[in-house]
Amino acid sequence: MTTPPYQPGYPQGVSDKSKVIAGVLQILLGGFGVGRFYMGDTKTGVIQLIVTLVTCGLGSLWGLIDGILILVNGGVDGQGRPLRD
């Protein structure tokens with residue numbers, strides 16, 4: 001993996017993705033893994049989508065809980081950097 005170029009305005013080592021946006025996307029559309037896709041965590045996003053489809057929508061509770069946890073605890077993006085506030 002290559003290191004992404006430095007982005008002015010953001011401290012180095014902190015993601016350019018917002019934890020508020022990721023959390024809200026995950027709460028509203030978490031059954032489809034949208035918050036995880038936004039964060040760059042495509043593997044978990046695909047798993048959430050498959051679980052929701054296989055359980056006929058019941059798996060979307062995982063997305064709701066995940067969104068709340070992202071808002072409360074924060075999280076990391078696909079490259080392991082903490083999400084910005």
Side-chain angles (χ1 to χ4, degrees):
M1 260 186 144
T2 61
T3 305
Y6 177 72
Q7 299 167 344
Y10 300 110
Q12 201 161 14
V14 176
S15 177
D16 60 338
K17 307 293 184 190
S18 168
K19 80 174 185 178
V20 174
I21 293 174
V24 170
L25 283 173
Q26 197 60 10
I27 288 171
L28 297 177
L29 300 168
F32 302 110
V34 174
R36 288 295 179 165
F37 286 121
Y38 169 75
M39 293 167 50
D41 187 6
T42 55
K43 180 180 176 183
T44 306
V46 169
I47 292 171
Q48 285 180 333
L49 178 61
I50 291 171
V51 167
T52 298
L53 293 175
V54 168
T55 61
C56 298
L58 192 60
S60 63
L61 289 175
W62 176 16
L64 175 70
I65 294 167
D66 193 26
I68 294 169
L69 289 175
I70 290 171
L71 286 174
V72 173
N73 298 332
V76 295
D77 67 2
Q79 298 167 341
R81 300 175 298 175
L83 297 174
R84 66 180 170 88
D85 289 332

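Values below: all heavy atoms of this structure, side chains included; hydrogens, waters and symmetry mates excluded.
- Between the side chain of Tyr38 and the backbone N or O of Ser18, at least one donor-acceptor pair lies under 3.5 Å.
- Placement of Leu29 and Phe37 in two distinct hydrophobic clusters is found when ILVMFWY residues are connected by side-chain heavy-atom separations under 4.5 Å, directly or transitively.
- Met39 and Val76 make their closest contact through CE-O, 3.0 Å (heavy atoms, listed as atom of the first residue, atom of the second, distance).
- We find the CZ-OG1 distance between Arg36 and Thr42 to be 11.0 Å, quoted to the nearest 0.5 Å.
- Distance CG/Leu53 to OG/Ser60: 10.5 Å, rounded to 0.5 Å.
- Atom-to-atom distance recorded for Ile50:CD1 and Thr55:OG1 is 11.5 Å, nearest 0.5 angstrom.
- When every heavy atom of Val51 is checked against every heavy atom of Gly59, the shortest pair comes out as CG1-CA, 3.9 Å.
- Hydrophobic clustering of Ile, Leu, Val, Met, Phe, Trp and Tyr side chains at less than 4.5 Å, counting indirect connections, unites Val72 with Leu64.
- What you find for Trp62 and Thr44 is that their closest heavy atoms are CZ2-CG2, 4.2 Å.
- Considering CG of Leu71 and CD1 of Ile21, their distance stands at 11.0 Å, rounded to 0.5 Å.
- Between the NZ atom in Lys17 and the CZ atom in Arg84 there is a gap of 9.5 Å [rounded to 0.5 Å].
- Remark: the backbone N or O of Gly31 is paired with a side-chain donor or acceptor of Thr52 at under 3.5 angstrom.
- Leu49 and Leu28 fall within a single hydrophobic cluster, where Ile, Leu, Val, Met, Phe, Trp and Tyr side chains are chained together by heavy-atom contacts under 4.5 Å.
- A distance of 9.5 Å separates CD1 of Ile27 from CG of Leu69, quoted to the nearest 0.5 Å.
- Of the possible polar contacts, none joining the Arg81 side chain to the Gly13 backbone as a donor-acceptor pair under 3.5 Å is found.
- Considering every non-hydrogen atom in both Asp66 and Gln26, the closest pair reads OD2-NE2, 3.3 Å.
- Scanning both residues, Val14 and Leu83, for their nearest heavy atoms gives CG1-C, 4.5 Å.
- Summarising the geometry of Ile70 relative to Ala22, their closest heavy-atom pair is CG2-CB, 4.2 Å, with the distance given to 0.1 Å.
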